[in-house]
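Numbers for residues simply follow the sequence, beginning at 1.
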Amino acid sequence: MEYIVHRTVEVNGIKMHVAEKGEGPAVLFLHGFPELWYTWRHQILDLSSRGYHAVAPDLRGYGDTEAPASMSSYSCFDIVGDLVALIDLLGVDQVFLVAHDWGAIIGWYLCMFRPDRVKAYVCLSVPFWPRNPKVKPVDAMRALYGDDYYICRFQEAGKAEGELAKNSTEEVLKKLLTNRTPGPPILQKEGMGSNLNTSMPLPSWLSLQDLKYYASKFEKTGFTGGLNYYRNINLNWELTAPWTGAQVKVPVKFITGDLDSVYTSLGMKNYIESGAFKKDVPNLEEVIVQEGVAHFNNQEAAEDVSNHIYDFIKNF
């Protein structure tokens, strides 16, 4: 880990922290919520040892990257703008893209807006999300799962932050990162910070040192930056009206765990298995469903994920 190089770069009007290692074709790693560049620690070491330049930023609002105060500064255009500027700064025309959770959603936008900058995409957990012109996504989620569905509860500025503040940052992150309950995450009415059972031992893939690193960064930044991504879901829907019906034509490999709460809610499993995913992403080359693996598969099944990434990108 000490051989991973850290630097701060200027992109799209903000200062961005980037972790990187290795030389060769660039592999850009995008993390999700509530994570950091650190979620890719295993893949950075693995891919850099196989002849690639692994690059993992803290995304806008996270870790050591700047966090603009305005909620609307976290739209898909702002974040994709950061990434295009970062790719330019790397001095390459194209990157291999690897992304998970919210990083995966941003990854789909990057592939849709600027397919010329992505050689191939390894997507973890969140498949492509075709735009339904008839209903805003958060409204559809509320109709399906109610007001206590986690994305619905995240919408109001300050509310989720207040609930999370009832416990230590370390306890909150332990609960979020180690959750293995499939199906839609429905939050308790009395608040997210209530009745956290944090006495369970940490899983083998998440050490106390790992947890403390995450906590040290979120203690400084809070969770608002990451939550603002959720608060822009409906705005992103409005902004992307011109891409209604658009296909993503970048070559893609998709990897999820069979216990992942995304895979097991919102009709995602059916979307993937029915052929609709392949219709929207015609160059979807492979779908991997990891048995007994939950949402944070890049950490829980790190070696398997690293091998899948390499086996795919080495073909290009």
Can you see whether [X] engages [Y] through a side-chain donor-acceptor pair at a distance of less than 3.5 angstrom?
{"X": "Asn297", "Y": "Thr256", "value": "no"}
{"X": "Asp210", "Y": "Tyr38", "value": "yes"}
{"X": "His53", "Y": "Glu20", "value": "yes"}
{"X": "His6", "Y": "His17", "value": "yes"}
{"X": "His295", "Y": "Ser125", "value": "yes"}
{"X": "Asp304", "Y": "Gln290", "value": "yes"}

### More than 12 heavy atoms from other groups under 6.0 Å of CD on Glu291
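Check fails, neighbour count at 12 or below.
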### Query
Given Trp108 and Phe128, is the ring-ring contact (aromatic ring centres under 6.0 Å, His included) satisfied, shown in steps?
CA-CA 6 Å; Trp108 290 115; Phe128 182 66; 5.6 Å; yes
### Query
His100 vs Phe296 aromatic rings, parallel, tilted or perpendicular, using cut-offs 30° and 60°?
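Rings of His100 and Phe296: tilted, 30 to 60°.
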### Query
So which of Tyr74, Tyr230, Tyr229 actually passes ring pair (Phe, Tyr, Trp, His ring centres under 6.0 Å) with Phe33?
Tyr230
### Query
Quick one: does Asp58's side chain have a donor or acceptor within less than 3.5 Å of a partner on Trp37's backbone?
yes
### Message
Donor-acceptor check, side chain of Asn315 to backbone of Phe312, threshold 3.5 angstrom: yes or no?
### Response
yes
### Message
Within 45 degrees of the ring normal and closer than 6.0 Å to the centroid, is that where the cationic atom of Arg131 sits relative to Trp243?
### Response
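Judged by the rule, Arg131 and Trp243 form no cation-pi pair.
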### Query
Distance under 6.0 Å and angle within 45° of the ring axis: does Lys119 meet both against Phe316?
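No, a cation-pi geometry is absent between Lys119 and Phe316.
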### Query
Looking at Ile255 and Val122, what are the two nearest heavy atoms and their distance?
CD1-CG1, 3.8 Å
### Message
Closer than 4.0 angstrom, basic N to acidic O: yes or no for Asp88 and Arg117?
### Response
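Salt bridge present between Asp88 and Arg117.
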### Query
Charged N to carboxylate O below 4.0 Å: is that the case for Arg231 and Glu161?
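Yes, this pair counts.
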